[in-house]
K.L.:
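Got a structure here, written out as structure tokens. Questions coming.
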Protein chains: 2
Amino acid sequence: MNRKRVSIKDIAQAAGVSHPTVSRALRGKGRMSDATRARILQIAEEMGYTPSLVARGLVTQRTESVGLVVADIADPFYSEIIKGVEQVTQASGFSLFLGSAIDDADQEVRMVRSFLGRHVDGLIVSSSLVGNGYQAILEDVGTPLVLINTHVDGSQFHSIYHQDFQGSQQMLRHLIQQGRRRIAYLGNRSAGRAQTERKRAWQTTLEQEGLPTDVTLDCPNSHIQSGFATLPRLLEQAQRIWGEMPDAIVAYNDLVAIGAMKALQRQGLRVPDDVAVMGFDDIEVAAFTSPTLSTWRQPRREMGVRAAEVLLTLLQEERDGEEPPQEIAFSGELVLRESA
Amino acid sequence: MNRKRVSIKDIAQAAGVSHPTVSRALRGKGRMSDATRARILQIAEEMGYTPSLVARGLVTQRTESVGLVVADIADPFYSEIIKGVEQVTQASGFSLFLGSAIDDADQEVRMVRSFLGRHVDGLIVSSSLVGNGYQAILEDVGTPLVLINTHVDGSQFHSIYHQDFQGSQQMLRHLIQQGRRRIAYLGNRSAGRAQTERKRAWQTTLEQEGLPTDVTLDCPNSHIQSGFATLPRLLEQAQRIWGEMPDAIVAYNDLVAIGAMKALQRQGLRVPDDVAVMGFDDIEVAAFTSPTLSTWRQPRREMGVRAAEVLLTLLQEERDGEEPPQEIAFSGELVLRESA
DNA sequence: CTGTTAGCGCATTCAT
DNA sequence: ATGAATGCGCTAACAG
């Protein structure tokens, strides 16, 4: 095996023309006699020619590829982001490099650097731990970057994000309206912007209502198991501080919420009668737990789609002059089911 | 922005040497005075040099990249496969191209072709609908391919698969042992090898025991919602054929099982008292449903890891002569929880 | 309409 | 130990 790939030179020789002519024929550039064009295409087909995007990339300085970095490929939230990005890039003939960097800024940067070495035309980084730090890394090469759900103080980059604060706030308002008064927050230590915003909403909203905000604990990550394992300690905390159980728990996301719900049930507590539980994201399984999970729906897929669209648009514009980075905000919706 | 990237020529000029010298210095090839080497490295560092893997790929004919094609990125089963593959490739300095091809053989081939155009060093395809069809596509270029969970009659390619038949069979034996007699199968029309094997195990095992195999239905895909929506029709079928409800349901996978379980509960049936339910895969959430799901654990992550390892080994061997394609079988384990 | 020449950035001979 | 020349496969000038 490992026969030599056929190149445009091979075709040129077989067709009795020069390689640039083959190149033009293949790409439909410049006018030429239909006869020779047809013949060249025919021969290329017969010889099983596949253009080398590597060589093409070297000369055109465009690889028609995009690099995507997420925190965790297996997290349903990121899965949908990836899916959205892939859908758009694939439709435009771009290839997608995927990398993960679980809660590790160094790893994230290494990933991006490696993509830059591969001359990706653009980058998408979700939940970046670096943010504007990319300014220094990217300014020399000018590769466009779109951030997803990353907090930046005066973003130098285009960014897509979901309005977590507003979402979380509405969830809290709903709980309060339902008469819940002792509302604990079960967070996620390793999340960046998302955790910050959601927790802040929890805190400020409760404070506005004069409700206590002293029972909260962060899971080490956002796995179901984490929520399950951490919840008992949250209850202990409530018992110690309040002298009684919480009547509602707001979780960082659906996974944590599902784990928490199971742990509550294990302790003989009824959801939502004894304690209400709310998640975040509205992953598919949220509608099928027992009780079904009330949560906040985040348009995950669309966010991926949009990020890719913004990036590809940037690539079209061929530096029409530096447009100011835009921030695109997505808002979700409250999904009330049985758990709250 | 978009400043020119710095190349080894730039460094050479700045250091007062020739570019080949820079190339050698950077890669530690060939001996040279420590003084100049140090100076070159220093300058490269200062100028922010990043080697162009595109140019390198063109001359070495190796891109240090791998293409991975899966059916559905968001399916927890594939997510873990991707994660396993990514983990290994990343550790070896390879970059990963990811593509999806949901139940579409043409799309799958297009994806692979596009990766070939990018000169990936190797390919991994999960649940391929094409199988040995790749022989014709790959023989000209000699790019190694590792298949995951793909049925092939005398495989021309290395392949990793899980012994679905044995797993499914053991699940069935357990159900029978528990006294279940009317066991229905809720499948997935769009799955390839996995569906075939699991269903075959259901059928033959029941036949051996003289139990009926006439109640079965396939979901259009393996989403939870599909299981939920299809289950009622399965019950109708049972009612029509047997005149009574099944006492056990074996689902294609955990997602379908979770949907089915919910649908059963909606109909007022108790799981497992009235009807037992078994899934397949042991995805994370399976341990947290109500009741918790009995299932068959498939080492998904390891399968991805192994596929990548096999592929990378193939790449090391530099065609030491064509080793016969090996098939690596994984076996899982029965996970008994509350649902069966 | 087509062929000639050149060069993308790098690694690899071969000289020296 | 280092420099000069060559080519990977392709596109992009410019001639003719």
Side-chain angles (χ1 to χ4, degrees), chain A residues 2-41 43-44 47-65 116-121 140-142 318, chain B residues 2-41 43-44 47-65 116-121 140-141:
Chain A
N2 207 21
R3 296 206 238 294
K4 210 170 49 186
R5 287 167 180 274
V6 345
S7 75
I8 54 174
K9 282 186 184 173
D10 300 326
I11 300 176
Q13 188 166 9
V17 295
S18 66
H19 32 124
T21 301
V22 175
S23 173
R24 284 182 284 244
L26 256 29
R27 289 173 309 136
K29 284 256 183 174
R31 273 181 304 285
M32 56 193 307
S33 77
D34 288 350
T36 55
R37 159 159 296 154
R39 190 160 47 92
I40 291 174
L41 291 179
I43 293 178
M47 299 179 72
Y49 171 75
T50 310
S52 165
L53 301 184
V54 175
R56 180 181 291 170
L58 185 57
V59 44
T60 61
Q61 299 289 30
R62 304 187 93 248
T63 54
E64 311 263 282
S65 68
L116 288 178
R118 307 202 107 92
H119 290 215
V120 294
D121 295 335
D140 290 334
V141 291
E318 299 279 358
Chain B
N2 207 21
R3 297 205 237 294
K4 210 170 50 186
R5 287 166 181 275
V6 343
S7 75
I8 53 174
K9 282 187 185 173
D10 300 327
I11 299 177
Q13 189 167 8
V17 295
S18 67
H19 27 128
T21 302
V22 175
S23 173
R24 285 182 281 244
L26 257 29
R27 291 172 311 134
K29 283 256 184 175
R31 273 183 303 287
M32 54 193 306
S33 77
D34 288 350
T36 55
R37 157 158 297 153
R39 190 161 45 92
I40 290 175
L41 291 178
I43 294 178
M47 299 179 73
Y49 172 74
T50 310
S52 166
L53 300 183
V54 175
R56 181 178 292 171
L58 185 57
V59 43
T60 61
Q61 299 290 32
R62 304 187 91 249
T63 53
E64 310 264 281
S65 68
L116 287 179
R118 306 201 107 94
H119 290 211
V120 294
D121 295 335
D140 291 334
V141 291

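Every chain is numbered from 1, with letters handed out A, B, ... down the list of sequences.
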K.L.:
Please state how far atom NE2 in B:His19 lies from atom P in C:dG9, giving the value in whole angstrom units.
P.N.:
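Going from B:His19 (NE2) to C:dG9 (P), I get 12 Å.
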K.L.:
Heavy atoms only, 4.0 Å cut-off, all strands: where does B:Val17 land among base, sugar-phosphate and nothing?
P.N.:
sugar-phosphate
K.L.:
Got more than 12 heavy atoms from elsewhere within 6.0 Å of CD, A:Gln61?
P.N.:
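More than 12 within 6.0 Å, yes.
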K.L.:
Among the nucleotides D:dT11, C:dG9, D:dG9, which one has an atom lying closest to any side-chain atom of B:Ser7?
P.N.:
C:dG9
K.L.:
Which part of the nucleic acid, if any, lies within reach of B:Arg27 when heavy atoms closer than 4.0 Å are counted: base, sugar-phosphate only, or nothing?
P.N.:
sugar-phosphate
K.L.:
Please report the distance, rounded to the nearest Å, between CG in B:Leu53 and P in C:dG9.
P.N.:
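Atom-to-atom, B:Leu53 to C:dG9, this comes out as 14 Å.
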K.L.:
Is a side-chain donor or acceptor of A:Thr60 paired with a backbone partner of A:Arg56 at a separation under 3.5 angstrom?
P.N.:
yes
K.L.:
Could you work out which one of C:dG9, C:dT12, D:dC10 sits closest to the side chain of B:Pro20?
P.N.:
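Nearest nucleotide to the side chain: C:dT12.
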K.L.:
To the nearest Å, how far apart are A:Arg24 CZ and C:dG3 C1'?
P.N.:
8 Å
K.L.:
When the distance from NZ of A:Lys9 to P of C:dA6 is rounded to whole Å, what number comes out?
P.N.:
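Rounded to the whole Å, the gap is 14 Å.
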K.L.:
Looking at B:Gln61, I'd like to know whether one of its side-chain N or O atoms comes within less than 4.0 Å of OP1 or OP2 on D:dG9.
P.N.:
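For D:dG9, OP1 or OP2 has a side-chain N or O of B:Gln61 closer than 4.0 Å.
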K.L.:
Quick one: B:Arg56 CZ to C:dC8 C1', roughly how many Å, whole number?
P.N.:
16 Å
K.L.:
Do the non-hydrogen side-chain atoms of B:Arg118 and A:Glu64 ever get within less than 4.5 Å of each other?
P.N.:
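Yes. Closest side-chain heavy atoms under 4.5 Å.
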K.L.:
Rounded to the nearest angstrom, tell me the gap between atom CD1 in B:Ile8 and atom C1' in D:dG3.
P.N.:
13 Å
K.L.:
Under 4.0 Å from OP1 or OP2 of D:dT2: is there any side-chain N or O of B:Thr36 that close?
P.N.:
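Yes, because at least one side-chain N or O of B:Thr36 sits under 4.0 Å from OP1 or OP2 of D:dT2.
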K.L.:
Side chain of B:Arg62, backbone of B:Gly57: donor and acceptor closer than 3.5 Å?
P.N.:
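No, B:Arg62 side chain to B:Gly57 backbone: no donor-acceptor pair under 3.5 Å.
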K.L.:
Taking the minimum atom-to-atom distance to the side chain of B:Thr21, which one of D:dG3, C:dC10, C:dG3 wins?
P.N.:
D:dG3
K.L.:
Measure from CG on B:Asp34 to C1' on D:dT2 and round the result to the nearest Å.
P.N.:
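Atom CG in B:Asp34 sits about 15 Å away from atom C1' in D:dT2.
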K.L.:
Hey, is the side chain of A:Ser18 poking within less than 4.0 Å of OP1 or OP2 on C:dG3, counting only N and O atoms?
P.N.:
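Result: yes.
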K.L.:
In whole angstrom, what separates B:Arg39's CZ from D:dT2's P?
P.N.:
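That distance rounds to 9 Å.
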K.L.:
Check each of B:Asp121, B:Leu53, B:Leu58 against B:Thr63 using the side chain to side chain contact (heavy atoms under 4.5 Å, CB included) test, and report the only one that passes.
P.N.:
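Passing option: B:Asp121.
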